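Contents: one structure, followed by commentary.
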Amino acid sequence: MFKPLKRSFFERNTLEVAPELLGKNIILRQSRKKERRGIIVEVEAYTNDDPACHAARGKTLRNEVMFGPGGFSYVYFIYGMYHCLNFVTEEEGIPGAVLIRALEIPDEDPRIASGPGKLCKHLKITKNHNKLDCCNEDSSLIVTNNNSNKKHCFPITQTQRIGISQASHYPWRWYIKDNPSVSKTIEKRV
DNA sequence: GACCGGATCCGT
DNA sequence: CGGATCCGGTCT
C-alpha cells in the first residue's frame with residue numbers, strides 16, 4: 001500500500017508546493033488490480049490574485065474545488081478535447097492549484113505523457129476524477145513520495161508559464177532539467 | 001438562448 | 001501557423 005502525501009503538504013503557498021511536486025509519483029487506481037503510475041516532471045502554479053488562474057474572477061461551479069481544502073484534484077475540460085489535471089493548494093478559502101504538465105511513465109515512450117492534455121488522455125483522467133480527495137489513502141488518485149533510487153537529486157529549471165495569454169510572463173513553471181518527458185524546453189528561463 | 005474564447009496537440 | 005471540437009462563463 002502507498003501512503004499519500006499529507007494535506008499539510010498541499011496547504012501551503014502554491015509557489016512552494018509546485019516545485020516540490022517534481023519527482024513525486026501519481027498513482028491512479030483504475031480497478032482493484034489495475035494501477036497506473038507516473039512521475040511528475042513538469043508543473044505550473046496558479047494562485048489567488050493571478051489573472052491566469054481559473055479562480056481569478058471568483059467562485060463558479062467549475063472552479064469551486066479550488067476554494068476548498070488542499071490536496072483535492074481539479075480536473076477541467078479544455079479546447080473541446082482535452083482534460084487537465086491540477087492539485088489544489090492553500091488552506092480552505094484561498095484558491096490555488098498546481099497544473100501537472102508532464103509525467104514520465106515507466107516502461108513507456110517518454111513522450112506519451114509529455115503535456116497536460118496528453119497525460120490525462122494516457123491515464124484516462126476525465127471530469128470523473130474532479131474533486132477527489134487525494135490525501136485519502138482509499139482515493140483512486142493519490143500522490144506519493146518517490147522511494148526509488150533516483151531520489152530527490154535532480155536539477156530543476158524554472159521558466160515562464162506557457163499556453164496562456166494572461167500573465168504569461170510569471171515565472172511559475174518548473175520542470176526537471178533535461179528530462180525527455182517535459183513538454184517544451186524552449187521558453188525563456190528565469 | 002446565443003456567443004465566444006480557451007492552463008492543447010498535431011500536422012504542415 | 002491553422003484546425004479540430006465543445007464546454008463554461010458571460011451577457012442578453
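Per chain, numbering begins at 1; letters A, B, ... match sequence-line order. From a predicted model like this one, the values you see are computed outputs, not experimental measurements.
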**OP:** Quote, to the nearest angstrom, the C1' distance that separates B:dG5 from C:dG2.
**Re:** 16 Å
**OP:** Indicate yes or no for a side-chain donor-acceptor contact from A:R7 to the backbone of A:D133 under 3.5 Å, with no hydrogens or angles considered.
**Re:** no
Subject >> Separation of A:R173 CZ from A:Q160 CD (nearest 0.5 Å) >> reply: 9.5 Å
**OP:** Specify the separation, in whole Å, of atom CG of A:N130 and atom P of C:dG8.
**Re:** 10 Å
Original post:
Should A:K127 be listed as having a side-chain N or O under 4.0 Å from OP1 or OP2 of C:dG8?
Top reply: yes
Subject >> Ring centers of A:F72, A:Y74 separated by less than 6.0 Å >> reply: no
Original post:
Is there a donor-acceptor pair under 3.5 Å between the side chain of A:K118 and the backbone N or O of A:R111?
Top reply: yes
Original post:
How does protein contact run along nucleotides 1-12 of chain B, one letter per nucleotide 5' to 3', with B for base contact, S for sugar-phosphate only, - for none, heavy atoms under 4.0 Å?
Top reply: -----BBBSS--
Subject >> C:dT5 pairs with, by Watson-Crick or G-U criteria that keep both distances under 3.5 Å >> reply: none
Subject >> Rounded distance [0.5 Å steps], OG in A:S140 versus CG in A:N128 >> reply: 9.5 Å
**OP:** Please determine if A:R29 forms a cation-pi arrangement with A:F2, meaning its NZ or CZ atom is less than 6.0 Å from the six-membered ring centre and no more than 45° off the ring axis.
**Re:** no
